Protein chains: 2
Amino acid sequence: MAKTRWLDEQEMAAWIAFLEVSHRVFRSVEAQLKEDEGLSHAQYEILVKLSAAGEAGLRMTVLADSLITPKSGLTYQVGRLEQSGLVTRTACDSDVRGVTARITPRGLDVLRAAAPGHVARVREVLIDLMDRPQLLALADALGTVNGRLREGTGGTA
Amino acid sequence: MAKTRWLDEQEMAAWIAFLEVSHRVFRSVEAQLKEDEGLSHAQYEILVKLSAAGEAGLRMTVLADSLITPKSGLTYQVGRLEQSGLVTRTACDSDVRGVTARITPRGLDVLRAAAPGHVARVREVLIDLMDRPQLLALADALGTVNGRLREGTGGTA
DNA sequence: GTGTCATCGTTCAAATTCGAACCACGTGTC
DNA sequence: GACACGTGGTTCGAATTTGAACGATGACAC
């Protein structure tokens, strides 16, 4: 292994800030959803993706990839949402192995009810704490990072 | 509740990017530490904080606050590290209830051994994916957010 | 068609996470 | 000192998370 390139002061500042903000934001968002709506953030994200997918629904693998979560965890959470009647699971037409998840009308209701409180919290702990230039800069920087991470999917290992 | 202020396109872009990057980065960092060093990121962070605290060590509560993690989880992880001989726990002098955690020489060794691989991964999935202006902008924006979150500790709820 | 290999989603066991309840102890008041 | 009240850490149980193993297909070559 080559000699370690340690983080300089600015890089360290970026990493630390990223770490701390992430912890704070997710803890806060998680708490809000749980207390007010009885949903975990993971479940909320699933509902959002399925809502965006509409009637067609989404294959489990596609959903897992787009949520950047292990498949086994997704199986668990979707099962949970299915029990609650917010989501359905049906065999895929084109591939017997495949399973398509769809949001139910009740799932849509729950999502619509949860959205305002969730958005408000996201504003409180992140969005509204920056001015517009900072917001744009953040979106730009993380957008770049995200794009490169997508390219090299798995290339990181 | 006032009418919901939904996120506009730019705000949404920032939030989505933040979400996705966070998931990818933490998953990758977690995997690297686990595979290469047998440590969770939580444990690594504890060792870093204790290492910075030196001989004096840190009180559990202080540590929990600085790691932005629930106390019960910290108790668990510190217990785990103590079993592995990387950390010690001793009663606090000034307060019998208090517990001071300290890193052991072996803990320092483990940390020093783990650091290069960890830093390399952090570079791969975040730091090195931005140019310098983006890095600075990220540090600025998240630094601002972090400062405001610290002020209003708990004020979010 | 038959064999081989990747893919799909689930299942499994083990580890971790969380908040709430809890006990022991400081802190301040009278 | 006795009291009420806040704090420090741990314990507890329930829910969740993870990668690895698994069974059942697809896909593709021969």
Side-chain angles (χ1 to χ4, degrees), chain A residues 22-24 26-36 38-46 57-84 87-102 153-154 157, chain B residues 22-24 26-36 38-46 57-84 87-102 153-154 157:
Chain A
S22 296
H23 283 157
R24 283 189 225 271
F26 289 129
R27 231 152 96 64
S28 179
V29 166
E30 194 80 43
Q32 185 275 322
L33 280 172
K34 188 69 78 184
E35 288 166 22
D36 296 350
L39 288 173
S40 68
H41 190 213
Q43 294 174 329
Y44 184 88
E45 286 188 279
I46 292 172
L58 282 177
R59 293 281 296 273
M60 293 297 278
T61 295
V62 176
L63 194 48
D65 286 345
S66 95
L67 291 173
I68 313 165
T69 193
K71 287 185 300 177
S72 57
L74 182 64
T75 294
Y76 176 78
Q77 284 298 170
V78 168
R80 201 116 261 290
L81 288 171
E82 192 179 28
Q83 286 177 358
S84 308
V87 156
T88 62
R89 254 190 301 204
T90 43
C92 180
D93 294 329
S94 56
D95 186 339
V96 185
R97 296 169 303 173
V99 170
T100 300
R102 288 186 190 77
T153 293
Chain B
S22 296
H23 283 156
R24 283 189 226 271
F26 290 128
R27 230 151 98 62
S28 178
V29 166
E30 194 80 42
Q32 184 276 323
L33 281 172
K34 188 69 76 184
E35 287 166 23
D36 296 350
L39 287 174
S40 67
H41 189 213
Q43 294 174 330
Y44 184 87
E45 287 189 279
I46 292 172
L58 282 176
R59 294 282 295 273
M60 293 297 279
T61 296
V62 176
L63 194 48
D65 286 346
S66 96
L67 291 173
I68 313 165
T69 192
K71 288 185 301 177
S72 58
L74 182 64
T75 294
Y76 176 78
Q77 284 297 170
V78 168
R80 202 114 260 290
L81 289 170
E82 191 179 29
Q83 286 177 358
S84 308
V87 154
T88 62
R89 255 190 301 203
T90 43
C92 180
D93 293 328
S94 55
D95 188 337
V96 184
R97 296 169 303 174
V99 171
T100 301
R102 287 187 190 77
T153 293

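Protein chains get the first letters and strands the later ones, always in sequence-line order, with residue 1 at the start of each. Quantities reported herein were computed from a predicted structural model and do not represent experimental measurements.
Residue B/Asp65 contributes atom CG, which lies 13 Å from atom C1' of D/dG9 at whole-angstrom precision. One can place CD of B/Gln32 at 14 Å from P of D/dG19, the figure rounded to the nearest angstrom. Whole-Å rounding puts the A/Leu33 CG to C/dC18 P distance at 15 Å. In this entry the distance linking CD of A/Glu35 with P of C/dG19 reads 9 Å, nearest Å. Here C/dC8 presents its P atom at 13 Å from CG of A/Leu74, a figure rounded to the nearest Å. If you measure from atom CD1 of A/Ile68 to atom P of D/dT18, you get 12 Å, rounded to the nearest angstrom. Rounded to a whole Å, the CG atom of A/Asp93 is 16 Å from the C1' atom of D/dT25. A/Glu82 places its CD atom 13 Å from the C1' atom of C/dT10, with the value rounded to the nearest Å.
Within the 4.0 Å cut-off from OP1 or OP2 of C/dC18, not a single side-chain nitrogen or oxygen of A/Arg27 is found. Dashed line: the shortest gap from a side-chain N or O of A/Arg80 to OP1 or OP2 of D/dA15 is not under 4.0 Å.
Residue order along DNA chain C, read from the 5' end via each residue's closest nucleotide, puts B/Tyr76 first among B/Tyr76 and B/Ser72. Taking the nucleotide of DNA chain D with the nearest heavy atom to each of A/Ser40 and A/Lys71, the more 5' of the two is matched to A/Ser40. Residue whose closest nucleotide on DNA chain D sits further toward the 5' end, between A/Arg97 and B/Thr61: B/Thr61.
Taking only side-chain atoms of B/Thr69, from C-beta outward, the nucleotide of D/dT25, C/dC18, C/dG9 with the closest atom is C/dC18. The side chain of B/Gln77 sits closest to C/dT17 out of C/dT17, D/dT10, D/dT17. Among the nucleotides C/dC18, D/dG8, C/dC25, the one closest to any side-chain atom of B/Arg59 is D/dG8.
The two residues A/Glu45 and A/Leu67 have their closest heavy-atom pair at CB-CD2, 3.8 Å. Considering every non-hydrogen atom in both A/Gly38 and A/Gln43, the closest pair reads O-OE1, 4.2 Å.
A distance of 10.5 Å separates CG in B/Leu63 from OG1 in B/Thr100, rounded to the nearest 0.5 Å. Taken from OG1 in A/Thr75 to CD in A/Glu82, the straight-line distance is 11.0 Å, to the nearest 0.5 Å.
Ring geometry for A/His23 against B/His41 counts as tilted: the plane angle lies between 30° and 60°, on a 0 to 90° scale.
Between the side chain of A/Thr75 and the base of C/dG9, no donor-acceptor pair of N or O atoms lies under 3.5 Å.
At the heavy-atom level, A/Gly98 lies under 4.0 Å from the strands shown only through sugar-phosphate atoms.
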